[in-house]
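Working notes for the structure below.
Just so we're clear, the structure is a prediction, and the values are computed from it rather than from any experiment. Numbers restart at 1 for each chain; the letters A, B, ... are given by sequence-line order, proteins then strands.
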Number of protein chains: 2
Amino acid sequence: MPADDASAARRPTLTEVAALAGVSLKTASRALNREPNVAPSTGARVRDAADLLGYRLNGIARELRRGATSALVGLVSGDLANPFYSAVASGIERELRQHGLLLITANNDEDADLERNLVEAFLERRVRALLVIPSGNDHEYLSVEGSRGVPFVFLDRPPDRLAADCVLIDNAGGAQSAGEHLLAAGHRRIAMVADLARMAPQRGRIDGFVRAMRAAGNDAWEPYLRTEVHDVRHAERTVKELLSLEPAPTAIFTTNNRLTTGALRAMRGLAEPPALIGFDDFDLADVLGTTVVAHDMSAMGREAARLAQERINGHTGPARTIVISTSITARGSGERPPR
Amino acid sequence: MPADDASAARRPTLTEVAALAGVSLKTASRALNREPNVAPSTGARVRDAADLLGYRLNGIARELRRGATSALVGLVSGDLANPFYSAVASGIERELRQHGLLLITANNDEDADLERNLVEAFLERRVRALLVIPSGNDHEYLSVEGSRGVPFVFLDRPPDRLAADCVLIDNAGGAQSAGEHLLAAGHRRIAMVADLARMAPQRGRIDGFVRAMRAAGNDAWEPYLRTEVHDVRHAERTVKELLSLEPAPTAIFTTNNRLTTGALRAMRGLAEPPALIGFDDFDLADVLGTTVVAHDMSAMGREAARLAQERINGHTGPARTIVISTSITARGSGERPPR
DNA sequence: GTGAAAGCGCTAACAT
DNA sequence: ATGTTAGCGCTTTCAC
């Protein structure tokens with residue numbers, strides 16, 4: 001660190017800049033903000049003084065004066081190490097940055113209480129909008145906020161007991177397509193490995209899949225339904241167990257990226273692997289030849305940011321829901337016939 | 001949105017809470033902050049009033065009064081959609097949250113000017129510390145800040161013309177191991193596909209690899225060196241081109257996760273693929289059987305956050321450098337013999 | 001145990 | 001074109 005002791009203590013304020021430039025506080029403010037009605041020579045003198053002192057605007061003071069609302073947008077989500085969340089976050093950040101807004105992120109660790117604390121912390125910081133990929137189930141505590149002008153947008157899961165904008169994936173539709181895709185390839189004994197059924201997206205995916213089976217008059221899937229599978233290891237074990245059944249399922253549908261990873265691990269090295277379709281696309285799925293229910297995660301973030309943006313700009317009106325469509329990306333694993 | 005028009009406009013302030021509770025401003029402040037010297041009954045009355053009004057502390061005002069420094073730590077990095085950056089960000093956030101700090105993230109789009117703008121924006125917001133995974137090469141503009149008490153930590157790439165804490169990967173060591181690993185399997189014609197050579201981590205990886213080759217007296221790699229390969233598509237093309245040479249290389253070393261992805265795409269479906277080692281571990285590398293130079297990205301974030309934390313707590317002293325070690329994770333692709 | 005006054009650094013409103 | 005005054009919402013003296 002350079003030893004610049006003299007200035008180490010405190011940052012210079014606008015008052016000091018003004019004093020050095022020999023002008024009033026307000027003139028200094030005008031000059032640095034490039035407002036009109038400042039003589040060019042005065043402006044230059046002020047800016048020189050600012051540079052000399054190493055002055056930097058105090059955004060906190062500005063924001064307080066301008067109405068105590070920041071240029072920050074909060075995102076509370078699951079762990080960014082999960083590519084689903086990070087892809088969404090990336091889409092959000094990119095959109096916000098276009099509008100001069102910054103993104104604060106916090107991980108709820110899939111804990112409803114922590115989620116609530118983080119939301120409170122963001123609100124204290126006077127975020128302009130709050131984006132939530134919820135973990136908790138009750139969001140009524142947010143209802144006062146919505147009415148106080150902090151817009152919320154929910155992603156991936158609709159808010160509970162609260163009307164608010166949200167961006168969802170067509171979970172039921174995507175899962176139904178997956179089911180139909182496997183049926184069309186001739187499968188009947190189709191296993192579904194799902195995460196916690198209490199989570200809305202999982203519910204939708206389960207329902208969609210079941211709908212496809214019912215419509216085809218197929219009930220051979222029923223012994224192979226597994227829910228409450230929440231991590232990769234558990235998914236791997238579950239798929240191994242499914243494949244050791246007699247008769248074994250000839251196809252597997254996994255309802256999110258973690259579970260698909262587990263299934264791929266379980267199936268590694270199998271001479272005659274079952275067919276597989278996973279919900280959520282992922283890196284290298286093309287190399288692995290894994291058929292997936294794909295959807296645009298980055299667009300999801302972008303749309304959510306856009307909704308927030310519009311509310312920030314004063315848009316009123318009823319809560320809106322945007323549904324991100326899905327499509328089957330066939331890469332081989334979902335097209336394997338029953339053996 | 002619930003139609004709660006009356007309160008939609010403005011948030012209640014502490015003054016209003018105090019008025020409703022029939023106490024002075026200061027007493028209200030004490031009560032809500034749970035400071036000593038407040039009669040229990042008074043405290044309860046104030047808190048009731050706060051609940052009734054839907055009061056929420058204005059963190060901006062508090063921060064201004066307390067010294068204009070926020071509870072925010074900034075991270076400027078590449079796109080969070082890249083698992084390397086998101087893993088690091090996740091490690092940082094987790095560590096900061098333990099200490100009541102929040103993470104603001106912004107993507108520099110690998111553009112030095114944008115990076116500088118984002119850094120400025122963060123500093124205006126009075127972040128407590130600034131973490132940078134640099135894209136630009138000149139960081140001298142930050143030197144005034146360092147001396148003004150905003151700690152910086154650089155990740156992955158050392159700062160240029162500036163002494164600051166940083167957390168680096170043992171790039172040269174990891175790449176050298178990769179080279180030795182391939183040599184030990186009997187390879188001589190080893191291709192290296194590298195990213196922009198001007199970036200320090202790439203330089204280190206290139207140097208480490210070359211050192212391994214020199215030490216073994218092997219120069220058969222030289223025709224197969226490719227640098228300035230910056231994205232997946234380019235990597236895929238480059239590897240295809242390498243494999244069509246006569247004689248073709250029998251092994252490939254890719255110097256980051258993007259390039260490894262490209263190589264895997266290029267090698268997809270090959271009956272006799274060359275050996276492959278990639279720098280950076282990745283999801284599903286186990287399923288694909290890809291040997292990698294692994295390192296703990298989450299630990300990298302954690303260490304960086306820790307360094308920042310210590311500086312925030314007043315630690316002074318010379319700039320420190322932490323080096324994250326690497327290790328070869330053998331999964332098959334790097335152990336294939338030359339054909 | 002409680003309150004009055006001052007002020008953090010800036011910008012808005014109103015002079016001049 | 002420039003300056004003066006007030007005040008954002010809170011915490012910090014210092015007094016009672």
Side-chain angles (χ1 to χ4, degrees), chain A residues 9-47 49-50 53-71 121 123-128 148-150, chain B residues 9-47 49-50 53-71 121 123-128 148-150:
Chain A
R10 214 180 38 77
R11 305 199 70 99
T13 71
L14 190 53
T15 312
E16 296 167 47
V17 173
L20 181 60
V23 298
S24 80
L25 179 60
K26 182 56 201 172
T27 302
S29 169
R30 275 197 268 259
L32 295 180
N33 290 322
R34 308 246 174 216
E35 287 170 29
N37 292 335
V38 175
S41 67
T42 313
R45 210 163 69 248
V46 171
R47 280 187 289 276
L53 293 175
Y55 170 78
R56 191 176 305 270
L57 175 91
N58 186 330
I60 295 178
R62 162 182 282 180
E63 281 163 7
L64 177 60
R65 183 60 245 237
R66 297 232 260 225
T69 181
S70 67
L123 291 172
E124 283 194 357
R125 245 131 226 140
R126 294 298 195 266
V127 290
R128 286 287 269 284
R148 282 262 157 57
V150 181
Chain B
R10 214 179 39 78
R11 303 201 69 97
T13 70
L14 190 53
T15 313
E16 296 167 46
V17 173
L20 181 61
V23 298
S24 80
L25 178 62
K26 181 55 203 171
T27 301
S29 168
R30 274 197 269 257
L32 294 180
N33 289 321
R34 308 248 172 211
E35 287 171 29
N37 291 336
V38 175
S41 66
T42 314
R45 210 163 69 248
V46 171
R47 281 186 289 276
L53 293 175
Y55 171 78
R56 192 178 302 273
L57 176 91
N58 187 332
I60 296 177
R62 162 181 281 182
E63 282 162 6
L64 176 60
R65 184 60 246 237
R66 298 234 259 226
T69 181
S70 67
L123 290 172
E124 285 194 356
R125 245 131 228 142
R126 293 299 193 265
V127 289
R128 286 287 269 287
R148 282 263 157 57
V150 181

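Between B:R126 and A:L57, the shortest heavy-atom contact is NH1-O, 2.8 Å. Across all non-hydrogen atoms, the minimal contact from B:V17 to B:A50 is CG1-N, 3.9 Å. In terms of heavy-atom proximity, B:T13 sits nearest to B:Y55 at C-CE1, 3.7 Å. For the residue pair A:R47 and A:A31, the shortest heavy atom distance occurs at NH1-O, 3.1 Å. Across all their heavy atoms, A:S70 and A:V127 have their closest contact at OG-CA, 3.8 Å.
Using a 4.0 Å cut-off on heavy atoms, the residues of residues 25-43 of chain A that approach DNA chain D are A:K26, A:T27, A:R30, A:N37, A:V38, A:A39, A:T42, listed by number. For residues 14-22 of chain A, proximity to DNA chain D is found at no residue, defined as any non-hydrogen atom under 4.0 angstrom from a strand atom.
Considering only side-chain atoms of B:T13, the nucleotide from C:dC10, C:dG3, D:dG9 that sits closest is D:dG9. Side-chain proximity of B:L64 to the nucleotides D:dT12, C:dT11, C:dG9 is greatest for C:dG9.
Rounded to a whole Å, the CZ atom of B:R45 is 11 Å from the C1' atom of C:dT2. Distance A:R66 CZ to D:dC8 C1': 13 Å, rounded to the nearest Å. Separating the CZ atom of A:R125 from the P atom of D:dG9 is a distance of 18 Å, rounded to the nearest angstrom. Remark: P of D:dG9 and CG of B:N58 are 7 Å apart, rounded to the nearest angstrom. The distance from atom CZ of A:R62 to atom C1' of D:dC8 is 14 Å, rounded to the nearest whole Å. At whole-Å resolution of the value, CD in B:E63 and C1' in C:dC10 are 15 Å apart. We find that CZ of A:R56 is positioned 12 Å from P of C:dC10, with the value rounded to whole Å.
The closest donor-acceptor contact from the side chain of B:R45 to the backbone of B:A21 lies under 3.5 Å.
For the side-chain contact (heavy atoms from CB on, under 4.5 Å) criterion with A:E63, the lone passing option out of B:E124, B:E63, B:R125 is B:R125.
Side-chain atoms of A:R62 and A:N33 form a donor-acceptor pair, as typed in the model, at a separation below 3.5 Å.
Considering OG of B:S24 and CG of B:L14, their distance stands at 9.0 Å, rounded to 0.5 Å.
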